[in-house]
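Step one of this worksheet: look at the structure below.
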Protein chains: 2
Amino acid sequence: MAGSGQVRRPRLNRHLVLTEAVAFADANGVGALSMRRLAQQLGVAPMALYKHVTSKDDMLDGMLALLLEDVRETPSTGQWREDLRRRILATRSALIEHPWSQEVLSSRRQMTAAMLDHLDGLVGAMLQGGLPVDLTHHTMHVLGNRMWGFNPELFAATPASDPSFEVQRSALPLRHRHLAEIAAGVDHGAIGVETSRMHDDFEFNFALNLILDGIEEFRNAD
Amino acid sequence: MAGSGQVRRPRLNRHLVLTEAVAFADANGVGALSMRRLAQQLGVAPMALYKHVTSKDDMLDGMLALLLEDVRETPSTGQWREDLRRRILATRSALIEHPWSQEVLSSRRQMTAAMLDHLDGLVGAMLQGGLPVDLTHHTMHVLGNRMWGFNPELFAATPASDPSFEVQRSALPLRHRHLAEIAAGVDHGAIGVETSRMHDDFEFNFALNLILDGIEEFRNAD
DNA sequence: AAAATTGGTGTACGGTGTACGCCTTTCAAG
DNA sequence: CTTGAAAGGCGTACACCGTACACCAATTTT
């Protein structure tokens, strides 16, 4: 009596649109994400989305905000180095799970409230851990967009312009001998996908520790 | 006799297209740069460009390559720290003069030959200066996209989503108290545009030195 | 039950990148 | 100088994009 036999798509709302957009970008890349295609996936007319999102840019901002929400629940220990490290690593994890986020992030022209919230959380971790204001300020700058979990993968990339891929690949040590030299230092035996991810993680932590150590030492010097 | 009285636009070539595209992006932003508009500015039909550029992406890659070319002429001293610093600062200068470059750079999915050349130059500076291969490798990772001259400007940005700008601005210390706290540390008196640029330069150098010092210390520890 | 708000649709406009075929200019070889 | 080939440039056309606007349908409020 109560429910009708007819199954109907639930009404849209902002959260639903954003989560579906994230899923779509995860599956097909953000380049393939258009309002029309997303609407189709939701079984809805393109313009229906605009009742929950003021523009595509607004939608992209909302998608990022969704990712950053998860990071904000990182627990605090009261030790600035540990807290900062945890938050940054949590961000990195979130963004790596959604590779499109880095591209979107770097295309935003304005800080959104969600991004400011996130940055405020980082600053708060340092100040509450006793780091002086000026050093905290410097640290934010030093971390740069490392705090966004982003770091270009140097050796995963190959030149796209040259169609003769094999030739280019074998010619790389000649043209870019220095790059080849340090790449060889990593490549003990065949290096797989999973090990390259481990390598990236290692480098990320190395860099993070270097920076945190540098800041710490700076503080002690005062 | 020799020259006709009729003044004619010189023939297009790749370099001319790219330099004009750079000029257009400098003046109007890369968002306004479309093949049609660029063609119009060159007094040419849109499809004429495709005789010198295989696609818009190819054109954007070419524009970046143009900027990176200038950097490659940085002279060497044989001292890795100084050489590296010079190259990175030269890159930063080049990219700051063309703000659109950062957006384009971060939207590229593949390394181009020009980018690899640039990275190879950085690695070469370190190796020729006597830095061990593994530390050179680490350094490249630590520098991350700082070597691209890019660093998000935290305090220049304001939330775009909220239409009530004034309210948001005055409410910022409440919602983002930590951010406000470190921002206040900089804001001795009214801070102008030119001083904010000086501040960014200072922070950039602070970070760069921190990293280079950290690497140096790491080397001495071995 | 009536009114008002919200959600969803259909159409249309001005933009985009670029494939394809054709014409014109320039240059090289005879 | 003539001639043929190659390269440069043009016009049209297509599929796609974001989204303004007017309208209808569903839901909630009165």
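In the text below, chain A, chain B and the rest are named by the order of the sequence lines, each starting its count at 1. Excluded from the calculations below are hydrogen atoms, water molecules and symmetry mates; all remaining heavy atoms, backbone and side chain alike, are included.
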> Taking all atoms of both residues into account, what is the closest heavy-atom pair of A:Val30 and A:Trp100, and its distance?
Replying inline: CB-CB, 3.7 Å

Mind calculating the distance between [atom1] ([X]) and [atom2] ([N]) to the nearest angstrom?
| X | N | atom1 | atom2 | answer |
| --- | --- | --- | --- | --- |
| B:Lys56 | D:dC17 | NZ | P | 16 Å |
| A:Leu60 | D:dG18 | CG | P | 9 Å |
| A:Leu16 | C:dG7 | CG | P | 13 Å |
| A:Arg14 | C:dT6 | CZ | P | 16 Å |

> Out of A:Val53, A:Leu49, A:Val44, which one pairs with A:Leu38 under the side chain to side chain contact (heavy atoms under 4.5 Å, CB included) rule?
Replying inline: A:Leu49

>> Using heavy-atom distances to pick each residue's nearest nucleotide on DNA chain C, tell me which of B:Leu33 and B:Arg11 is more 5'.
In response: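 On the 5' side of the pair lies B:Leu33.
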
>> Between B:Thr136 and B:Val123 (side chain of the first, backbone of the second, donor and acceptor by atom type, cut-off under 3.5 Å), is there such a pair?
In response: no

> Do the side chains of B:Leu84 and B:Ile88 get nearer than 4.5 Å, heavy atoms only?
Replying inline: yes

> Under 4.5 Å between any side-chain heavy atoms of A:Asp83 and A:Met126, yes or no?
Replying inline: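 The answer is no, as the side chains (C-beta and beyond) never meet within the 4.5 Å cut-off.
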
> What base-paired stems does DNA chain C take part in, with at least 3 consecutive Watson-Crick or G-U wobble pairs and both distances under 3.5 Å?
Replying inline: C:3-27 with D:4-28

> Under the side chain to side chain contact (heavy atoms under 4.5 Å, CB included) test, which residues partner A:Ala65, sequence neighbours left out?
Replying inline: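 A:Ala65 satisfies side chain to side chain contact (heavy atoms under 4.5 Å, CB included) with A:Ala114 once adjacent residues are dropped.
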
> Below 4.0 angstrom, N of the basic side chain to O of the carboxylate: do B:Asp57 and B:Arg108 qualify?
Replying inline: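 A salt bridge is present here (some side-chain N lies under 4.0 Å from a carboxylate O).
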
> Does the distance from a Lys or Arg side-chain N to an Asp or Glu carboxylate O, for B:Arg14 and B:Asp58, drop under 4.0 Å?
Replying inline: yes

>> Using a strict heavy-atom distance below 4.0 Å, which residues from residues 34-54 of chain B are in contact with DNA chain C?
In response: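 Heavy-atom contacts with DNA chain C come from B:Ser34, B:Met35, B:Arg36, B:Arg37, B:Met47, B:Tyr50.
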
